[in-house]
Amino acid sequence: MIDIRKLKELVRLMVENDLTELDIRDEQETVTVKRPGLHVAPQVVAAPMMAAAPVAHAAPAAAAAPAAAPAAAKEVLPAIESPMVGTFYATPGPDKAPFVSVGSKVGPDTTVCLIEAMKIFNEIKAETSGTVEEVLVKSGQPVEFGQPLYRIRPS
Amino acid sequence: MIDIRKLKELVRLMVENDLTELDIRDEQETVTVKRPGLHVAPQVVAAPMMAAAPVAHAAPAAAAAPAAAPAAAKEVLPAIESPMVGTFYATPGPDKAPFVSVGSKVGPDTTVCLIEAMKIFNEIKAETSGTVEEVLVKSGQPVEFGQPLYRIRPS
Amino acid sequence: MFKRILIANRGEIALRVIRAAKALGIETVCVYSQADKDGPWLEHADQAVCIGPGPSPQSYLRIDRIIAAAEVSHADAIHPGYGFLSENAHFAEVCRDSGFEFIGPSPEAMALLGDKVSCKKMARKVGTPVFPGTEDAIEDIDEAVKVAAEIGYPVIVKATAGGGGRGMRVARDEAQLRAGIESARQEATAAFGNGAVYIEKFLENARHFEVQTIGDKHGNAVHLFERDCSSQRRHQKLIEEAPSPGVDPEKRKKVCESAAALIASAKYSGAATVEFLMDAKQNFYMLEVNTRVQVEHPVTEMITGIDIVREQIMVASGKPLSVKQADIKVNGHAIECRINAEDPDRGFMPQAGLIETFVPPGGLGVRLDSHARAGYRIPPNYDSMIGKLIVHGPTRDIAIARMKVALDEFKIGPVKTTIPLHRKLMDNPDFNKATFDIHYVERLLKAEEAAKAAKAAAAPAMAKAGA
Amino acid sequence: MFKRILIANRGEIALRVIRAAKALGIETVCVYSQADKDGPWLEHADQAVCIGPGPSPQSYLRIDRIIAAAEVSHADAIHPGYGFLSENAHFAEVCRDSGFEFIGPSPEAMALLGDKVSCKKMARKVGTPVFPGTEDAIEDIDEAVKVAAEIGYPVIVKATAGGGGRGMRVARDEAQLRAGIESARQEATAAFGNGAVYIEKFLENARHFEVQTIGDKHGNAVHLFERDCSSQRRHQKLIEEAPSPGVDPEKRKKVCESAAALIASAKYSGAATVEFLMDAKQNFYMLEVNTRVQVEHPVTEMITGIDIVREQIMVASGKPLSVKQADIKVNGHAIECRINAEDPDRGFMPQAGLIETFVPPGGLGVRLDSHARAGYRIPPNYDSMIGKLIVHGPTRDIAIARMKVALDEFKIGPVKTTIPLHRKLMDNPDFNKATFDIHYVERLLKAEEAAKAAKAAAAPAMAKAGA
């Protein structure tokens, strides 16, 4: 029932706009969207399509209602981003263990996943050193260029 | 089903206006919007109204002339405005002296000019008391509704 | 040809006239009220003259001020647009007497066709099908039966003093008529203290069918085929289209030609619309004649390729019509949606105020006639229409598909508009199959209201049950 | 019919394809580069997939990434637009091999007509008039005289290694040819160290004449008549119109039919444009075939009523063409002005940056195909076209008049655009009378430059004289 592409779009929407919470219900049309009053991720490319004047992104806000943004204080870690479009695989094979998971230490040459495009499975390297703090994409899920795959706490 | 485009617009609205929370319900029409209390950059992204390159108004002269004059700091006195569209006449007849000129004292019933429209000459009263400080329109010139005719220093 | 036209109107129709005049190399003068001083259309005029404060009776309806503005700006013709003074024969006369060409019919032709009684009389003479109702009170039941037999059933019995649906009875045969008159009289007597009733033809599932005509000063008159304007709310047209879908070609030809004959017989010069109701059997009944250009004229322009406002100006200047009847062909299908600044969710409350976002649609077959833009503040003084979105396509289905795309693209905010309503109507099966009548929009809106109310009523009960 | 089309392009043509697909009820997926992440057209797509950074070689030209995007988005067809990979037969082949329908010709037909040599060969076979020049080097003068006699004077002698106008001589008779070859050889030897020359037909006052054609997979091919694109600057089209003004109907019919015959003989499916030069005597010489939809396709849509992009999609899905040749008629005249973000006053320097003001024109006969809007930031990575303003009218004169009105209304700022240049060209006598050729715009611009320079040179002198 849940459309994976729609979900992906929602996630992208959240990531790009640095939303902290998104709550959609239906029948009664409920929408709740939250974003931090305090901006910690100036690297986020944000600016949704059609944005008018450059949105002063990381600008105001220091004093912003913290109550409204429960996750606002959460530190945003650097991500390993997808260098290509394709399907993400966390494991080297169907019944294998994932390349990395939360807590794994990675170095620049650590393979973190496979991305399949045009029937070819491409090994993706971490290209950074640190510890995996979060896995952002599920195995088998499509990813686009530049999409964050893992959050890494640099070592 | 909630429309992803609609959602994108909502998010844009949030980002552009730096909202922290947006809660929309329907049927019962609930809307909750929150934004940080303190604004660092209260500059509203001005809607790009075409710099209203104004039109050559019927009576190009008058109002603009003194305003455009270098005397920006100059005190702006109240004006007797034209109550109609027509042709302004400063004198009661071709070879007559003007009804009023700079320095003339006027009272509410003082006739200050004629305005001709549809072959009828309408006597225009000062409808205020004071001294004529400036004559803004030349005799024989067209005037539009609301156009300043004389500047008056109130007594 | 004219050198300078004064436009005695505002908003999109003022812009429409400016565009037509500019393309003819004619200068334009716009009169405007103080409420319209920032009207974006004024930018496109060569000159603008303020004629009074916001309320129309003090500006756009002030004949003396408009004439004075024409005098001081040295205009040689006056275009009245639609609404305001456009159907005011006295205004047309004052224009003429003051030496300005009125871009519209002569006061005589306007009065003749603008008056329902004289128009109907003329229509009977030339064979334009008229509405067989009578507004004379019925004296006794036997007379009513005789009249009804002439009109043909069904008929509707209406209280002379009536209103709001009270004192009205539909009768499909003589027995129902006799019973209906009795009960209508009783109800009317009780409600209004006046039991007089009259009989009219009752049209079931009627559609609004109107014929665009145009005549010149040389006795030529043509029709540009018809429009369907059945999508209405409170007698306000919402959507118009051309041609009228599903009409028998022979019947259509006949009624269109009769409309052209009607304006020809009135020695009418300029654009006129002959409005009809069409019943389910495609019988036509004339309602009235509009002696001016209409809001919905663009759909006719799209299917005929004829610039109606240009033609108005040309014939007013004395030129003969640029087209002959035989050369006027229908090409494809066109639909217009009136974009009103109203909130469909709140009883269509008009929305004045600043338009912050205005992203118009575009592309193949899309036309927008609008004076609005981002940064325009809609004044509260006038009607709520801020634009007309028109699409054209080779077939009605393609036109509908294009209208959907265009409506989806059209973004206006924060003022609410009728765009979502139009988008909904484009998906409506009755609209899609043209199985509509002049009441279908209101039925739809009522049904939605009812469903909403039922849901709201059910909600607390369900909550209780859940608790 | 397709369920989901991936659009391997950006900007206005991406939006054009989205509109056509939506009107057909087909979903769209747009690939985009990081430089286009705020592209307004992406809003209208059902899905958008980022495929790489701004530079085209890393995104819009990356076949692997586009195919991967089609895979993950479950598209079933790919529309290449124009430019980028649209005429890349390898891309068409990869699409096919990967199981995606390429909305365009088969790789074989694309290669056949896309290659100048094989195309010319095919053209000769079916009777499409070709350019009689030869690119083989001329061995001796007598041979040159023979070739020139066949081609017909005037001819142009060109250095094989030439460029920049050097080593070129126009010859109007044999004597001039003999002398010309001598001096061209000497000049070429001196300049390039290579004295080889060849001969081509020299066209004076040539106009650009191109025929829109479209074929399906069932062997049908039609032409949608022609366009004139003589208003060019540095081989870039500025203004296009349809039909080509003043062309003899018989000659036009013949060349248009020969273009349709050419694509039919190549078993070509999809839209193709056969480009010609037309000399002052209305002889035609084929330049090349563009095996894709062209920027200027809208003018043809306006005069024929045929939605070319819709037709592309339909025939790619295997449907036969929706129209037969006999049913395709020319209705009126259409003109397109390419609105480029360039500064005409500064050597047409491209203008990237934020569009703050964007007020599009509207009304009867006005079409705008543009992805731009207020708030859109033009990225520096791609071509400078931000929209196409198209007008349609019953005659060329009326179309020009409407274009003037529309250009006057169109406000874009602060980025500079070609709007003022177009406005000037609309008043140009050569354009107005269609007494133009493919060099008239450059002549005009050069003359303006010269006048400006002369004025600037004179100014100090005058100042001195005045002092």
Side-chain angles (χ1 to χ4, degrees), chain B residues 3-6 8-10 12-13 16-17 19 24-31 33 44-63 81-89 114-122 137-138 140-148, chain C residues 6 27-34 37-53 58-59 62-74 94 97-99 345-346 354-358 373-377 408-409 411 413-414 420 451-453 455-456 458-459:
Chain B
D3 185 352
I4 193 98
R5 282 189 304 270
K6 194 180 250 173
K8 279 184 185 172
E9 283 237 48
L10 292 179
R12 196 192 63 190
L13 189 74
E16 284 188 350
N17 296 286
L19 307 182
I24 300 185
R25 263 163 271 189
D26 218 323
E27 311 298 323
Q28 306 100 322
E29 274 272 333
T30 314
V31 178
V33 187
V44 175
V45 180
M49 168 72 168
M50 258 316 305
V55 186
H57 278 242
E81 295 178 351
S82 175
M84 62 199 309
V85 182
T87 305
F88 171 92
Y89 290 102
L114 298 177
I115 292 182
E116 186 248 305
M118 298 183 75
K119 323 287 174 227
I120 292 163
F121 289 82
N122 304 276
V137 186
K138 279 202 182 120
Q141 189 178 310
V143 292
E144 63 181 345
F145 177 87
Q147 184 172 337
Chain C
L6 180 134
E27 289 179 24
T28 51
V29 180
C30 272
V31 297
Y32 68 97
S33 76
Q34 287 178 322
K37 68 182 163 44
D38 297 325
W41 65 94
L42 300 178
E43 259 175 57
H44 303 298
D46 295 285
Q47 209 181 324
V49 181
C50 184
I51 54 166
Q58 297 170 59
S59 47
R62 281 288 294 261
I63 294 178
D64 56 343
R65 292 181 174 181
I66 292 166
I67 298 292
E71 285 173 346
V72 300
S73 62
H74 305 289
V94 175
D97 293 349
S98 307
D345 291 334
R346 297 183 185 214
L354 181 68
I355 296 176
E356 290 172 19
T357 302
F358 190 87
R373 59 169 67 156
Y376 174 55
R377 190 175 287 279
D408 282 343
E409 286 180 18
K411 302 291 175 206
K452 230 180 190 172
K455 213 168 173 181

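Here is how names work: the chains are called A, B, and so on, in the same order as the sequence lines, proteins then strands, and each is numbered from 1.
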Discussion item. Treating C:E71 as the side-chain partner and B:G86 as the backbone partner, does any N or O pair qualify as donor plus acceptor under 3.5 Å?
Written reply: no

Worksheet item: If you round to the nearest 0.5 Å, how far is CD of C:Q47 from CD of B:E144?
Response: 9.0 Å

Worksheet item: Taking side chain as C-beta onward, heavy atoms only, is B:M118 less than 4.5 Å from C:V94?
Response: yes

Discussion item. Would you compute the distance between atom CZ of C:R62 and atom CZ of B:F145 and round it to the nearest 0.5 angstrom?
Written reply: 9.0 Å

Worksheet item: What part of C:P53 is in contact with chain B, defined as an atom under 4.5 angstrom from a non-hydrogen atom: side chain, backbone, both or neither?
Response: both

Item to complete: Starting at CD of B:Q147, measure out to SG of C:C50 and round the result to the nearest 0.5 Å.
Response: 9.5 Å

Fill in: Heavy-atom contact with chain B under 4.5 Å, split by part of C:V29
neither

